[in-house]
Each structure stands twice: as C-alpha cells, then as structure tokens.
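Note: hydrogens, waters and symmetry copies are ignored here, and every other heavy atom, side chains too, is used. Convention: sequence-line order gives letters A, B, ...; per-chain numbering from 1.
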Number of protein chains: 2
Amino acid sequence: MRLDPLDEKIIQALTRDGRRSFAAVGAEVGLSAPAVKRRVDRLVAAGTITGFTAVVDAAALGWTTEAYVELYCSGQPRPALLAQDLERLPEVVSACTVTGNADALLRIRTAGVRHFERVLQRLTELDYVTHTKTTLVLSPLFERARSEANPAG
Amino acid sequence: MRLDPLDEKIIQALTRDGRRSFAAVGAEVGLSAPAVKRRVDRLVAAGTITGFTAVVDAAALGWTTEAYVELYCSGQPRPALLAQDLERLPEVVSACTVTGNADALLRIRTAGVRHFERVLQRLTELDYVTHTKTTLVLSPLFERARSEANPAG
DNA sequence: CCTGAAACGTCGACGGG
DNA sequence: CCCGTCGACGTTTCAGG
C-alpha cells in the first residue's frame, strides 16, 4: 500500500499515543477529525496498522527474567509447526526462524531463573529439539517502534 | 505495585485493544466507566502501563529486513554509553546487554540487505566495538505481549 | 464504589473541490 | 478520489452521594 506524508504523520502520532483522539491528531497533521478517521480505517483495513495496544512494563507484572534462546533442531521442522508448538508456551514472547546454525530464535520472559529452567525443559521435550543455547538479558537498554516509512517503500 | 484481579483484567483488555472505551472495558470486567478510568490512570502513574501505541506492520512501511546482531566490545562500555550511542541509529529497534561472550544484543530493521550492511559498518565505527555477529531473521513466527500478571508478583 | 449531567469524541450522511 | 461541515449518538469526566 502506498503511504503519503499525511498517513506517515498520522502513524507517528498514533505510535506516540495510541489513544489520541482523531481531532487531536488532525490538529497536528492539518486535517479534520473525520478525515483522520477515514485514513486510520483505511490503514487498519490494509494491515499497515495491525492494531492498538497498551504497553505494559513486564517487570511490573513480575516477569523479571528475560532471555533469548537459540533452538537447535533435528530435521527441519516446518515454520508452521514451530509456531504452533511454541505458541503453546506463554513464556515464549516472540519467535522466528533464522540463518546460522540455530533453527529458531526465541525471546522468553519468566518470573525468575527457576521458572526459566522449567521452560527450557519443556522446550527440550519437543521431539525435534536437540539442544538450546541461552543468552540472558542483563540490562534492557531501550526498545522502540520504527513508525517512519522507508522512502523507497 | 500491587495488582488485584480487576487491574489484571483491565490490562489484558487494553492490551488486546488499546482504544477500547472505558465503558466497554468496564462492561467486560464488571465496573463503571469512571472506575475503570481511575484504575487506568493509577496504573499509568505507577508505570505499570507505560503507554498506548498503534502496532504497525514493519514490512508494510518498507522495513523488509530484520536481524539480530551480537556486539563484541573491547573494555566494558557502560550500559548508559551503549544506550546513548545505539539510540542514535534509528535502525536499532531494541538493545540490551547480555550474558555470554557478546556484550550486547541488538535487534535491527532495515530496508534491505544493502541498508543493513551500512548499519553494520556504522556499528563497527564505534571505537569500542571489535566485531559483530549477525543472525538474519527468515520467518517471523509470532510476537505477543505478556499482559497476565505473575501470581507471585 | 455508583449515579447523573455537561463537555467531548466518534462516525455516519451530505456537498464541494 | 479526498476533503470539510454538520448532527445524532456514545463516551469521558466531573461533581456529589
């Protein structure tokens, strides 16, 4: 889908504050509230905007341990199977298949190292998993969205 | 901060749809709209809810290349310095210091491998960076928030 | 915590560039 | 096509109980 500069500004405004009113966004970008709403509806329908969400501090909810786990598998489990199996584990926050020796890279959040150990065990119980390699997060430095459009996009 | 079951349900509702009205959330959790608003205001003030945002499809904005980069450094650059230097590169979407041989783990989004190569070069231009190790993302499998509270939290 | 009323936001329909 | 204006309806946000 093609984005004009107004769409981009709207996306940036709603990325900064997903609950801003259409009127407030319109005042910022130079449109009326209905015009902003029409564009947002279009962006959501096109899948450019996937949704709106509250951003929650994981540590405040008790998820104090964060880790990246490389998954090494025998055979090549299909991505769809991996997704299905890994999504059953609520501690797996994101997962992707990757280049390199590992087959998948997982991001995991748990309530402590004890809890993390149990998750590792459940991962190795998957029949195609041969071993794992854990990288524990020490200090999260920052995290942000890329809401600017690529000029060549 | 202490969360009761109602707070937790409110957080989950707003995680699923960050633009839900307080009235709609209240209908779901069994509270009036003003009661929900007071609780959300309190959660935001306490930092449990960090903010609200639009979720954007990076690929739709032209960021088609995603990678994880391990950063190997000489000396031990302080986390604050790393954060400051890395945040200047808009392609670095998140960063953290980690256990293991690498000093930091970066998540990077670019408009293609050419663009990614330029980012790698800028990373190695940081004087304390000795080398990097790249893992390219093939298929993102899923990504989600952990909005349930840990019972022991 | 709830209720009620005023201010505000949303979202359709309509007409102009 | 996309914009803006208007008006009805729903939501937010106070105050007071």
Problem set entry | Over-ring placement of R146(A) relative to W63(B), 6.0 Å and 45° cut-offs |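 Here R146(A) passes the 6.0 Å and 45° test against W63(B).
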Problem set entry | Within 45° cone and under 6.0 Å: R19(A) NZ/CZ vs F22(B) ring |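 So R19(A) does make the cation-pi contact.
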For this session: Answer yes or no: is there a donor N or O on one side and an acceptor on the other, between the side chain of T132(B) and the main chain of E70(B), under 3.5 Å?
Result: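 Such a contact is absent between T132(B) side chain and E70(B) backbone.
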Exercise. Rounding to a whole Å, what distance do you find between L3(A):CG and dC2(D):P?
Worked result: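 L3(A) atom CG is separated from dC2(D) atom P by 13 Å.
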Exercise. Roughly how many Å is it from NZ in K37(B) to C1' in dG9(C), rounded to a whole number?
Worked result: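 Going from NZ in K37(B) over to C1' in dG9(C) covers 15 Å.
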Taking atom [atom1] of [X] as the centre, does the number of heavy atoms from other residues, nucleotides or ligands within less than 6.0 Å exceed 12?
{"X": "Q76(A)", "atom1": "CD", "answer": "no"}
{"X": "E125(B)", "atom1": "CD", "answer": "yes"}
{"X": "E87(A)", "atom1": "CD", "answer": "yes"}
{"X": "R122(B)", "atom1": "CZ", "answer": "no"}
{"X": "R78(B)", "atom1": "CZ", "answer": "no"}

For this session: Any pair with a residue in residues 96-107 of chain A that passes salt bridge (charged side-chain N to carboxylate O under 4.0 Å, His left out), sequence neighbours left out, goes on the list, sorted by first then second residue, please.
Result: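 Non-adjacent pairs meeting salt bridge (charged side-chain N to carboxylate O under 4.0 Å, His left out): E66(A)-R107(A), R107(A)-E143(A).
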For this session: Salt-bridge test for R42(B) and D7(B): reply yes if a basic N is under 4.0 Å from a carboxylate O, no otherwise.
Result: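 Salt bridge between R42(B) and D7(B), a charged N being under 4.0 Å from a carboxylate O: yes.
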Problem set entry | Test: E28(B) and R16(B) ion pair at under 4.0 Å |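 Yes.
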Exercise. Given axes from five pairs at either end, by how many degrees does the helix from dC1(C)-dG17(D) to dG17(C)-dC1(D) bend, rounded to 10°?
Worked result: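 Roughly 30° between the end axes, to the nearest 10°.
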What protein N or O atoms touch nucleotides 4-7 of chain D N or O atoms at under 3.5 angstrom, if any, and at what distances?
from: dG4(D); atom 1: OP2; to: S32(A); atom 2: N; distance (Å): 3.0
from: dG4(D); atom 1: OP2; to: S32(A); atom 2: OG; distance (Å): 2.9
from: dG4(D); atom 1: N7; to: R38(A); atom 2: NH2; distance (Å): 2.9
from: dG4(D); atom 1: O6; to: R38(A); atom 2: NH1; distance (Å): 3.1
from: dG4(D); atom 1: O6; to: R38(A); atom 2: NH2; distance (Å): 3.4

Exercise. Y128(A): what forms a ring pair (Phe, Tyr, Trp, His ring centres under 6.0 Å) with it, not counting sequence neighbours?
Worked result: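 With sequence neighbours excluded, Y128(A) shows a ring pair (Phe, Tyr, Trp, His ring centres under 6.0 Å) to no residue whatsoever.
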For this session: Give, ordered by number, those residues of residues 39-49 of chain A having at least one heavy-atom distance below 4.0 Å to an atom of DNA chain D; if nothing qualifies, reply none.
Result: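 Those residues whose heavy atoms fall under 4.0 Å from DNA chain D, taken from residues 39-49 of chain A in numerical order, are R39(A).
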Exercise. Between residues 8-25 of chain A and DNA chain D, which residues have a heavy-atom gap below 4.0 Å?
Worked result: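 When residues 8-25 of chain A is checked for heavy atoms under 4.0 Å from DNA chain D, the hits, listed by number, are R19(A).
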Exercise. To the nearest 0.5 Å, what is the distance between CZ (F116(A)) and CZ (R109(A))?
Worked result: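 Between atom CZ of F116(A) and atom CZ of R109(A) there are 12.5 Å.
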